[in-house]
Amino acid sequence: GDAILRCLPPADWTPGPEDLAGREDFRDVCLCSVDPPGCKDIDDAVSCERLPNGNFRVGVHIADVTHFVHPGTAIDKEAAERCTTVYLVERRTDMLPGLLTTDICSLRGGVERLTFSVIWEMNPNAEIVDTSFCKAIIKSQAALSYAEAQARIDDTSDRSKLTVALRNLMKLAKLIRAERMRNGALELASQEVKFELDSETQDPTDVAEYTLRDTNRMIEEFMLLANQSVATKILQTFPMFGVLRRHPPPKDEALKTMKKLLAKHGIDDFKYGSNKELGDSLTKAVKADDPYFNTLVRMMATRCMNQAVYFCTGEVQPALYSHFGLAMERYTHFTSPIRRYADVLVHRLLAASLGISPLPEQLQSKPVISEQCDKINVKHRMAQWAGRASADLHTFMYFNSKGKQSAEGVVTRVRRSGLQVVVQRFGIEGVVPMLEADWDVDEEQQLVTSRADSSVTIGIFRRIVVNIEADNTDFRNRTRLTFERVVTEAERREAFEKVEEKRKQVQKEMFPDRLVPEAN
């Protein structure tokens, strides 16, 4: 409404002297943003300079949204209600008005923008010597896509200042990542197939996958590091009022069941006592004759995970603060204030901890903070469901236009309602109903047996042929899977690479205008 629009700066806003007070001037620093192609809401930029002592000064520069969104204003109340930008397949509903989202806060190339920056001094082994935080003004040299940044890094003839900075960031990111993996961080997506995962809860919002380049990982590493550094800082200053993100360990029962199932398939040493053990077990769970097996095992492990949640530090025991999936003791969200309200709260906490601005009233009461965190958690889940429903609708439309299709699927779970099946060729997953009159379902043993011929059984990892068709009964727009037959062991399996090619083609047809939100 009008009250919200009155909170906005003029459309032709540029930083004036009053905006620069108390800010570091990074306009001459060589920095850029790296995002999915066509990204308009650019939250973050990165920089890397070599210091005279041989170390690096690395910066993560995040849009200074709280400079424009003040506590208690109409625009703030609306954002606190929406909590997140919602991404559907081909459109998004923003948390903040478009003027801020895609223009004044977006760190576009070649224009001056205000940031909240995290600066580290790192030695060449990527060990942090010093961490500092400041509000700043920047002028990004370029808004690159992941592919463009990768092409620059790979082009050996390119020795420009920006490309050298990107190469150094890449080297450091690989070292930081290796250390994180050593500490037990989980890689729940496999190399070939990156399910569109919620950054660190790793909830598969399935279908969408895209080529993961090293540059994706590079940006992710520095975003994770910035989030971790900020979490540590605000917790030191406000042990009772911090807004952090925790990820509880996985469901023990589910992992126990998974261990039993894998044992039946020759994977005997599946350990999961810690995130490190689980990560190592997932890496080892491979079958030489089936490249897709490891992807399926990782998908099954994903199902055992708990959700990550935002919480108020004063309301939870410190022993429960840690983040299982990232193998971090302290974690929060700071790097996407344009599209997540939690990050807006964290920016305010950080600004107060640095003495830049007072701690707003909304962050001085544990019950109020807890209530807001709960609301964000609920809205975050609702946004995920909306995204999934949108993907399901596009899947339905695809099969509606293609007509009934038959394809091979792999069973990943036996339920009362039927077999959970992944169909690699189309990149979809669903439940195939098994009629009780014809099949005996044993959830305990994860097995279905034919009542007509007890020698015919279907268990986990078994290949079956399913029919896939669009089902519009009662206007439900569902994609229905039905059982056709079991694939015999003698039948040749289509080469993994071939099926992958087909799947990628299908995905392009299914989601021609897909928006890819950043993971971090």
Side-chain angles (χ1 to χ4, degrees), residues 180-195 197-198 200-204 206 246-308 319-320 322-328 409-422 424 429-432 434 439-449 457-464 486-487 489 493 496:
R180 226 166 38 84
M181 292 300 158
R182 270 197 296 279
N183 289 337
L186 289 184
E187 180 77 291
L188 284 175
S190 71
Q191 295 312 305
E192 311 77 43
V193 185
K194 165 84 171 172
F195 304 95
L197 296 174
D198 168 42
E200 77 290 303
T201 57
Q202 312 275 331
D203 293 337
D206 53 34
R246 66 193 182 91
H247 184 211
K251 305 156 190 145
D252 203 54
E253 272 308 301
L255 282 170
K256 231 178 248 167
T257 310
M258 186 169 160
K259 183 185 171 85
K260 258 196 260 169
L261 291 172
L262 289 173
K264 287 184 189 167
H265 290 268
I267 309 288
D268 296 322
D269 55 347
F270 189 78
K271 296 193 180 79
Y272 53 85
S274 66
N275 40 16
K276 178 85 180 123
E277 272 190 358
L278 178 58
D280 291 346
S281 295
L282 289 173
T283 306
K284 283 190 277 197
V286 288
K287 281 194 173 177
D289 60 341
D290 183 1
Y292 201 48
F293 180 76
N294 187 257
T295 299
L296 292 168
V297 172
R298 287 176 193 272
M299 276 176 83
M300 287 166 70
T302 300
R303 298 279 138 71
C304 305
M305 290 297 141
N306 280 307
Q307 280 264 356
L320 302 175
S322 62
H323 195 297
F324 183 86
L326 296 173
M328 289 181 183
V410 185
V411 178
T412 56
R413 190 169 170 189
V414 174
R415 299 165 169 264
R416 266 265 153 268
S417 54
L419 305 173
Q420 185 122 4
V421 173
V422 177
Q424 186 196 354
E429 188 180 15
V431 173
V432 179
M434 304 302 273
W439 298 91
D440 195 18
V441 179
D442 185 344
E443 270 193 285
E444 180 61 30
Q445 291 300 316
Q446 289 282 294
L447 206 64
V448 296
T449 311
T457 60
I458 306 171
I460 304 290
F461 301 122
R462 194 65 201 265
R463 291 184 296 143
I464 62 172
V486 177
V487 177
E489 289 303 322
R493 178 177 295 150
F496 178 76

By the side-chain hydrogen bond (donor to acceptor under 3.5 Å, both in side chains) test, which pairs, at least two apart or in different chains, include something from residues 267-282?
none

Can you confirm whether Met258 sits close enough to Arg303 that some side-chain heavy atom of one is under 4.5 Å from a side-chain heavy atom of the other?
no

Ring pair (Phe, Tyr, Trp, His ring centres under 6.0 Å) against Phe293, all qualifying residues, sequence neighbours excluded:
Phe461

Under the side-chain contact (heavy atoms from CB on, under 4.5 Å) rule, what do Met299 and Val422 come out as? Steps first, then yes or no, please.
CA-CA 10 Å; Met299 276 176 83; Val422 177; 3.6 Å; yes

Quick one: are Asp442 and Val414 in side-chain contact, heavy atoms under 4.5 Å?
no

Contacts of Arg180 meeting salt bridge (Lys or Arg N to Asp or Glu O under 4.0 Å) (sequence neighbours excluded), chain-then-number -> Glu221

The reported gap from CZ in Arg413 to OG1 in Thr257 (rounded to nearest 0.5 angstrom) is 9.0 Å

Provide the closest heavy-atom pair for Ala327 versus Ala185 in the form atom of the first, atom of the second, distance.
CB-N, 3.4 Å

Spacing of CD1 belonging to Ile464 relative to CE belonging to Met434, to within rounding of 0.5 Å:
6.0 Å

Provide the closest heavy-atom pair for Thr283 versus Arg298 in the form atom of the first, atom of the second, distance.
CA-NH2, 3.6 Å

To the nearest 0.5 Å, how far apart are CD1 in Ile267 and NZ in Lys287?
6.5 Å

Nearest-0.5 Å distance that lies between atom CG in Leu186 and atom OG1 in Thr302:
9.0 Å

Which distance, rounded to the nearest 0.5 Å, do you find between the CG of Leu282 and the CG of Asn294?
7.5 Å

Do the non-hydrogen side-chain atoms of Met300 and Leu261 ever get within less than 4.5 Å of each other?
yes

Let's go through Gln446 and Thr412 carefully: what are the C-alpha distance in whole Å and the side-chain angles of both, what is the deciding distance for side-chain contact (heavy atoms from CB on, under 4.5 Å) to 0.1 Å, and is it a yes or a no?
CA-CA 10 Å; Gln446 289 282 294; Thr412 56; over 6 Å; no

Rounded to the nearest 0.5 Å, what's the gap from CZ on Arg246 to CG on Leu320? Could you check?
6.0 Å

Residue pair Trp439 / Ile458, side-chain heavy-atom distance below 4.5 Å
yes

Tell me which pairs pass salt bridge (Lys or Arg N to Asp or Glu O under 4.0 Å) where either residue lies in residues 258-267, with sequence neighbours left out.
Lys260-Glu444

Partner set under salt bridge (Lys or Arg N to Asp or Glu O under 4.0 Å) for Arg462, not counting sequence neighbours
Glu489

What closest approach, in Å, do His247 and Ala308 show between heavy atoms, and which atom pair accounts for it?
CD2-N, 3.8 Å

Sequence-distant partners of Asp290, salt bridge (Lys or Arg N to Asp or Glu O under 4.0 Å), two or more places apart:
Arg493

For Val431, enumerate each residue passing the side chain to side chain contact (heavy atoms under 4.5 Å, CB included) test, keeping only those at least two apart in sequence or located in another chain.
Arg415, Ser417, Gln420

With a 4.5 Å limit on heavy-atom distance, are the side chains of Val448 and Val411 in contact?
no

